[in-house]
Protein chains: 2
Amino acid sequence: MTTETRKSEIINTAAKLFKHKGYSAVTMRDLAQAMGIKAASLYNHIESKQAILEYIIINIAEEFTLGMQTVLNSDLNTIQKLEAIIKLHVSIANQNPEGMAALNNDWMHLEERRDYYLELRQQYESNIRFIIDEGIAKNNLKNLSTDVVLFSILSTLRSLYLWIPKKDQLDVNELSSDLSEVLIGGINK
Amino acid sequence: MTTETRKSEIINTAAKLFKHKGYSAVTMRDLAQAMGIKAASLYNHIESKQAILEYIIINIAEEFTLGMQTVLNSDLNTIQKLEAIIKLHVSIANQNPEGMAALNNDWMHLEERRDYYLELRQQYESNIRFIIDEGIAKNNLKNLSTDVVLFSILSTLRSLYLWIPKKDQLDVNELSSDLSEVLIGGINK
DNA sequence: GTCTATATCGAGATAGAC
DNA sequence: GTCTATCTCGATATAGAC
């Protein structure tokens, strides 16, 4: 329990490296070099390489779970709920694209916390599926395959981390609105 | 230049392992064990671990390039071209989901062939962008942000490999058609 | 809080027998 | 075509001085 800021610095630097090469290909020496110290010094702040991955992924996963609860407890209609979920993804991906990369690509390298992560992830997917089914039932959405709709939306949202860093000074509301238009309204005239 | 089938066997087995853990986390000993032989024996068939990754990724990348040429040289309209591209992705992802995983997640571990891969990838993206712009200009598509449309479609298509293996006995035409409906027509009523 | 030194392990790859 | 034996390197992590 030394300085908490140094620990955060290490975690944030690690996330950047993980995004470029993936968890397995990043060494503690790489991380140390990026921090300007020696590898052994890292261990005064973090317990292990594995612990760094846990911090990054579990934090974001719980943030999504929390955001989903807010949406579910709201009295928004189906379209508005989907819009809120899109905005949730844009917001988190914009605030922490490196963490999103680790969550998407390196979760399988989690050890103790892997099952917990998978539980949160599955619950999250179920919740979106529920919203889509409700929308179809209430005739707010076209009667399309729930699986295909879920997959299409979620694939796009999960890939946001790849795309967002390229745009500087992103307007979260504008991108969320553009994405909603495309994902919900379609593209053909 | 020993038996060519043994080499293919190794490459296909490697692709499966790469899909589960990523290139960096798979060892030549893992691969050998999955093949039922010793690690040293692998080197009678392949030159290096890196060469395996190259085979997997470059083959698929060139397959996409070829498919795109066919679409571009056709006299299809914008919507039909997009439908053809969707079908191209479904078809390749269905035939080789493991290879698609490597292409999506492990291309950064390519060495000599990395730049070549990135060139093919960028060219492919430019071609889709061209088709979308053309569609907007000809009033076949809504006047939406080209970037958002491109990103949304491509993110979904690039994620197909995650989703397709779960469905057994996939009907390529049916999924392509369902996906086209959602991606092009939208979901709201 | 960072260092040097080091322990231990497993990685990719080669040599040469069978 | 596969094996055993081995080389060399770099990985995570710890001990203990400053």
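In what follows, every heavy atom counts, from backbone to side chain, and hydrogens, waters and symmetry copies are set aside. Chain letters run A, B, ... following the sequence lines, proteins first, then strands; residues in each count from 1.
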Practice task
Take B/Glu54 and B/Glu112, measure what side chain to side chain contact (heavy atoms under 4.5 Å, CB included) needs, and give me the verdict at the end.
Solution key: CA-CA 9 Å; B/Glu54 287 181 4; B/Glu112 288 86 14; 3.4 Å; yes
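- Within the structure, every pair that satisfies the side-chain hydrogen bond (donor to acceptor under 3.5 Å, both in side chains) test and touches residues 174-189 of chain B, not counting sequence neighbours, is listed here: A/Asn139-B/Lys189.
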Distances under 3.5 Å between protein N/O atoms and the N/O atoms of nucleotides 11-16 of chain D, please, pair by pair.
residue: D/dA11; atom: OP2; partner: A/Arg29; partner atom: NH1; Å: 3.3
residue: D/dA11; atom: N7; partner: A/Arg29; partner atom: NH1; Å: 3.4
residue: D/dT12; atom: OP1; partner: A/Met28; partner atom: N; Å: 3.3
residue: D/dT12; atom: OP1; partner: A/Lys49; partner atom: NZ; Å: 3.3
residue: D/dT12; atom: OP2; partner: A/Met28; partner atom: N; Å: 2.7
residue: D/dA13; atom: OP2; partner: A/Tyr43; partner atom: OH; Å: 2.8
residue: D/dA13; atom: OP2; partner: A/Lys49; partner atom: N; Å: 3.0

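- With A/Tyr23 as the aromatic partner, A/Lys49 meets the cation-pi criteria of under 6.0 angstrom to the ring centre and within 45 degrees of the ring axis.
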May I have the list of side-chain donor-acceptor pairs in residues 127-135 of chain B shorter than 3.5 Å, sequence neighbours left out?
residue: B/Asn127; atom: ND2; partner: B/Gln123; partner atom: O; Å: 3.3
residue: B/Arg129; atom: NH1; partner: B/Asp147; partner atom: OD1; Å: 2.5
residue: B/Asp133; atom: OD1; partner: B/Thr146; partner atom: OG1; Å: 2.7

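- Side-chain atoms of B/Ser41 lie closest to D/dT2 of the nucleotides C/dC3, C/dG1, D/dT2.
- B/Tyr116 is linked by a side chain to side chain contact (heavy atoms under 4.5 Å, CB included) to B/Ile58, B/Glu62, B/Arg113, B/Leu120, counting only residues two or more places apart in sequence or in another chain.
- Between A/Leu42 atom CG and C/dC3 atom C1' the separation is 12 Å, expressed in whole Å.
- Under the 3.5 Å distance criterion, the side-chain polar atoms of B/Ser91 are left unmatched by any main-chain donor or acceptor of B/Lys87.
- Every pair passing salt bridge (charged side-chain N to carboxylate O under 4.0 Å, His left out) that includes a residue from residues 23-38 of chain A is listed here, sequence neighbours excluded: A/Lys21-A/Asp30.
- Taking atom CD1 on B/Ile37 and atom P on D/dC3, their separation rounds to 6 Å, with Å as the unit.
- Aromatic rings of B/His89 and B/Tyr124 (six-membered ring for Trp) have centroids within the 6.0 Å cut-off, being under it.
- Rounded to the nearest 0.5 Å, atoms OG (A/Ser155) and CG (B/Leu183) are 9.5 Å apart.
- For the pair B/Leu31 CG and C/dA13 C1', the computed distance is 14 Å after rounding to whole Å.
- Nucleotide D/dG1 holds its C1' atom 6 Å from the NE2 atom of B/His45, rounded to whole Å.
- Using a 4.0 Å cutoff on non-hydrogen atoms, no part of residues 12-22 of chain A comes near DNA chain C.
- Between the CE atom of B/Met35 and the P atom of D/dC3 there is a distance of 11 Å, given to the nearest Å.
- The NZ atom of B/Lys38 sits 18 Å away from the P atom of C/dA13 (whole-angstrom rounding).
- Rounded to an integer number of Å, the gap from B/His109 NE2 to C/dG12 P is 13 Å.
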